[in-house]
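What follows is one structure encoded as structure tokens, with my remarks underneath.
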Amino acid sequence: MSDIFKNLNPKQIEAVKIISGPVLVISGPGSGKTRCLTHRVAFLISENIKPANILAITFTNKAANEVKERVQALLSPSFSADSGRLSAWPTIGTFHSVCLRILRREISLLNYKPSFTIFDEYDRLALIKKVMARQKLDLKQYNPQMIVRKISKLKTELLYPENYKPNDFFSRLLARIYENYQTELKNANALDFDDLIALTVKIFKHNPQVLEKYQDIWKYILVDEYQDTSFDQYSLIKLLSQKYKNIFAIGDDAQSIYAFREADIRNILNFQKDYPEAKVIFLEQNYRSTKNILAVAQNIISNNQSQVPKTLWTENGRGERILVKEALNERDEADFITLKIEELMQKNHNIGDFAILYRTHAQSRAIEESFISCGLPYQIIGGIKFYERKEIKDILAYMRLAANPSDLVSFERIINIPTRGLGQTVLAKITNTHEKNLIKALDILAKENTKTKQGRALKEFYELLYDLINKKTDISVASFIKNIIKKTDYEEYLKGLSASKNDAYSNFEERMENLKELLTVAKKYDNVGSERGLDNFLEEITLLQGVDSLTLSANANKVGVPDKATLMSIHSSKGLEFPVVFIAGIEEGLFPHSRSTFNPQELEEERRLCYVAVTRAKEKLILSYARRRNIFGSTQRNLPSRFIGEMPQDTIEYAASGIDDDYEEKIYY
DNA sequence: CCTTACGCCATTTTT
DNA sequence: TGGCGTAAGG
């Protein structure tokens, strides 16, 4: 237990030690936030608080896993998970996984079946489109994505159709779609991501005895990245912590960059209003960056109005100046970056030391091309995600249908995959049978039409699905997947796809690789026991979208330093650190983005984004902007970003541009 | 029901 | 520039 304080500074110790009552920790970048959080969990347990009474909530699975691992490391050898000495583990999970756990037990209060499935973004969009089409709405006039966003926003505000009061033409239209959508979800026995949280809050609000049950379980609550909570998440925490008020919130208002996803910075700014007795602790010592980098960050952020004032400091050296490069165009910029990397690798750096950050994914291409031509290994984080790939979604749809035969969205997806001559007409007939179990409906329909060609196809499809579903509990998840691929002749289907379409789709090999990867993930569930194996698998997969999905499964041990440079958006870089950070495209219009420049609040968010980007760097920070940029086919001329002007100029040095104004005009695109 | 052609649109995205 | 969704023809 003395270990618990060994590597902590006085502020961190203070934050760890206050056991009861509300605590707010404002933790600057690189100030040991996760350390503080994990040590606190360990400390609580060492003070004989039952682990089962502790709830730690994070936003990402990655963060949750990190906290779990580090808590375990702190507690062993005195406690060890597998020795069974620890009667129960603290609950450490994401908002969504924690709520999922609650809902599996309690959702019958809302007349859902506890076996509900979770719809991801794709499913939700598909359902919205269907609902809109049925209401004969023009999908061009009303963008379904936009409708999804609006509904998502309403749910985050805890407004369900029954208490949403539309007051103009558009909101009445929205309300109709929303109501329909929600009914369809219920019919499919499905919840979307927002429901996981909003419905949990709903149950708590309407069933005080249920709420109290959980309040008594989780007497000690810790919330990570508190600045990123949305209203529903905030409400959840507030309800849960209401009885004992042992809430520990940690975060950094200056790193709030998810307002566009309904994160509300006011939650952290108003913490003291919510809990007047709250202790507030500032973690201002930075262990990550040089003095110069910190000075740059601090100067930039001081241009924002709404923030908790704080002063970061570090014992680290001054370090080098921040290098700023003016490039001619995006290719010149990319070449500068690769050249610089090669130069630094001659000195004392490994390729894994470098991160190239950008505001928009569209910027990655030019950089990627330069990396390829120089033969530098790299990885791109973000962009197309593993579980969004067609081949993965197809197989998952079969699995989900097996797990939940009412899942209409999955059914629609695969009814003609691989091509079997079934489509909209059949779908309409299925719906007309009013049989919620779609497999049964298929059987009924097949028996009604034994003569026709379509009838035969129906029968075949039915038998295929029946076969698959019958086996789902007999065999492992991995075998189940293999079965699907084999029985549907999916490989042939993929070959056909790549042959018929043009080059962009001829990535058969890659698709098969992805399926193999899916099998690898599935193998983890083989020993879970096939009874729950499939359900467990699907559940985790759905909650495990995003970046870490692949890394987590395939090479969890490689998380540290890969032997590749990393290309990613600034948003995905939050929480990470690299010895050398490039920020590409620091131009007016790009960063800050043109869509944000006229809205003061959005501009402040861009500035926080810049703050996040800059503070990823440990030793070296290199910024670049291009005079001209080819974007979406046309050429833009941008000025250097105002953020450069907001940096202390004595910490900056300009790289030789190697161009003069005459020369610029001679460059041929 | 499937294929092809064309027009549209394009921040960021922890679950 | 290119990826996607809709509309038309086979």
Side-chain angles (χ1 to χ4, degrees), chain A residues 57-64 93-100 118-121 124-125 129 133 138-140 143-145 149 152 156 191-197 224-225 227-230 232-233 255-263 330 357-363 365-366 381-385 387-388 390 415-416 419-427 453-454 457 496-497 500-505 539-549 568-576 585 589-597 602 605-606 608-609 612-613 630-635:
Chain A
I57 301 190
T58 63
F59 274 85
T60 66
N61 292 297
K62 201 173 146 200
T94 62
F95 273 102
H96 292 83
S97 68
V98 169
C99 287
L100 175 65
I118 304 162
F119 273 16
D120 64 16
E121 291 308 316
R124 146 203 272 193
L125 183 64
K129 280 180 187 164
D138 184 3
L139 298 187
K140 273 183 195 153
N143 177 240
Q145 285 278 13
R149 273 199 302 276
S152 174
T156 354
L191 270 63
D192 62 24
F193 284 138
D194 299 317
D195 282 333
L196 287 173
I197 292 157
D224 192 16
E225 307 278 19
Q227 79 281 357
D228 285 337
T229 49
S230 49
D232 52 343
Q233 292 161 340
Q255 291 182 69
S256 164
I257 54 172
Y258 282 103
F260 68 94
R261 282 197 50 137
E262 312 313 323
E330 77 283 350
L357 309 182
Y358 37 74
R359 178 67 245 264
T360 66
H361 283 299
Q363 291 168 251
R365 173 151 294 166
I381 307 283
I384 337 112
K385 292 165 200 153
Y387 291 107
E388 281 171 10
K390 173 185 160 52
I415 187 168
N416 206 31
T419 323
R420 55 173 69 88
L422 300 177
Q424 288 308 313
T425 21
V426 177
L427 223 39
K453 205 194 280 175
Q454 191 178 67
L497 265 193
S500 69
K501 305 223 174 157
N502 35 19
D503 282 335
Y505 284 90
E539 208 157 76
E540 275 201 40
I541 290 295
T542 324
L543 291 181
L544 204 89
Q545 306 275 319
V547 198
D548 46 20
S549 51
M568 65 183 150
S569 70
I570 299 169
H571 281 90
S572 348
S573 78
K574 197 173 81 168
L576 304 176
L590 238 199
F591 190 27
H593 197 273
S594 51
R595 296 210 178 186
S596 312
T597 38
E602 287 182 31
E605 177 137 321
E606 293 287 305
R608 291 193 292 268
L609 199 53
V612 168
N630 268 339
I631 204 144
F632 305 135
S634 60
T635 305

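Because the structure is a prediction, the values reported are computed rather than measured. To find a chain, count down the sequence lines: A is the first, B the second, and so on, and within it residues start at 1.
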A:Arg124 CZ to B:dT13 P, in whole Å, measures 17 Å

Every protein N/O lying under 3.5 Å from an N/O of nucleotides 5-11 of chain B:
from	atom 1	to	atom 2	distance (Å)
B:dT11	OP1	A:Arg595	NE	2.9
B:dT11	OP1	A:Arg595	NH1	3.4
B:dT11	OP1	A:Arg595	NH2	2.1
B:dT11	O4'	A:His593	NE2	3.4

Rounded to whole Å, the CD-P distance (A:Gln145 to C:dG3) equals 17 Å

A:Ser256 and A:Arg608 have their tightest heavy-atom pair at O-NE, 2.6 Å

Tell me whether the OP1 or OP2 atom of B:dT13 has a side-chain N or O from A:Ser569 closer than 4.0 Å. yes

Practice task
Give A:Thr425 one of three labels, base, sugar-phosphate or nothing, depending on what nucleic acid heavy atoms sit under 4.0 Å from its own.
Solution key: sugar-phosphate

Checklist entry - Does A:Thr419 have a side-chain nitrogen or oxygen under 4.0 Å from the phosphate oxygens OP1 or OP2 of B:dC1? => result no

Between A:Asn416 and A:Ala263, whichever has its closest DNA chain B nucleotide further toward 5' is A:Asn416

**Asked** Between C:dG5 and A:Lys129, is there an OP1 or OP2 to side-chain N/O distance shorter than 4.0 Å?
**Response** yes

Practice item. With heavy atoms under 4.0 Å as the rule, sort A:Lys453 into base, sugar-phosphate or nothing. Key: nothing

Taken to the nearest whole Å, CG/A:Asn630 to C1'/C:dG2 is 14 Å

Notebook entry, point to check: Can you check whether A:Ser572 has a side-chain N or O nearer than 4.0 Å to OP1 or OP2 of B:dT14?
Noted result: no

query = Salt bridge or not for A:Arg359 and A:Glu606, using N-O below 4.0 Å?
reply = yes

Worksheet entry | Contact under 4.0 Å: A:Asn61 side-chain N or O vs B:dT15 OP1/OP2 | yes

Within the modelled atom types, does a donor on one side and an acceptor on the other bring the side chain of A:Arg365 and the base of C:dT1 under 3.5 Å apart? no

Students often mix this up, so state it plainly: with edges at 30° and 60°, are the rings of A:Tyr258 and A:Phe260 parallel, tilted or perpendicular?
tilted

A:Lys390 meets the side chain to side chain donor-acceptor pair (under 3.5 Å) criterion, sequence neighbours left out, with A:Asp394, A:Tyr493

Between CD of A:Gln227 and P of B:dT14 the distance, given in whole Å, is 15 Å

Sorted by position of nearest nucleotide on DNA chain B, 5' first, the leading residue of A:Leu422 and A:Lys574 is A:Leu422

In whole angstroms, the gap separating C1' of B:dT14 from CD of A:Gln255 amounts to 14 Å

A:Ile570 atom CD1 is separated from B:dT14 atom P, nearest whole Å, by 15 Å

Salt bridge (charged side-chain N to carboxylate O under 4.0 Å, His left out) filter on A:Asp192, not counting sequence neighbours, yields A:Arg124, A:Lys155

Between CD of A:Glu262 and P of B:dT12 the distance, given in whole Å, is 17 Å

Syn within 90° of 0, anti beyond: B:dT11 is syn

Contact class for A:Tyr258 (heavy atom, under 4.0 Å): base, sugar-phosphate, or nothing? base

Those residues at least two apart in sequence (or on a different chain) that pass side chain to side chain donor-acceptor pair (under 3.5 Å) with A:Glu602 are A:Asn599

A:Leu125 atom CG is separated from C:dG3 atom P, nearest whole Å, by 19 Å

For A:Ser230, the side chain to side chain donor-acceptor pair (under 3.5 Å) test, sequence neighbours excluded, returns A:Asp232, A:Gln233

With sequence neighbours left out, the residues meeting salt bridge (charged side-chain N to carboxylate O under 4.0 Å, His left out) with A:Glu262 are none

Any base atoms under 4.0 Å from A:Asp194, or only sugar-phosphate, or nothing? Heavy atoms, all strands. nothing

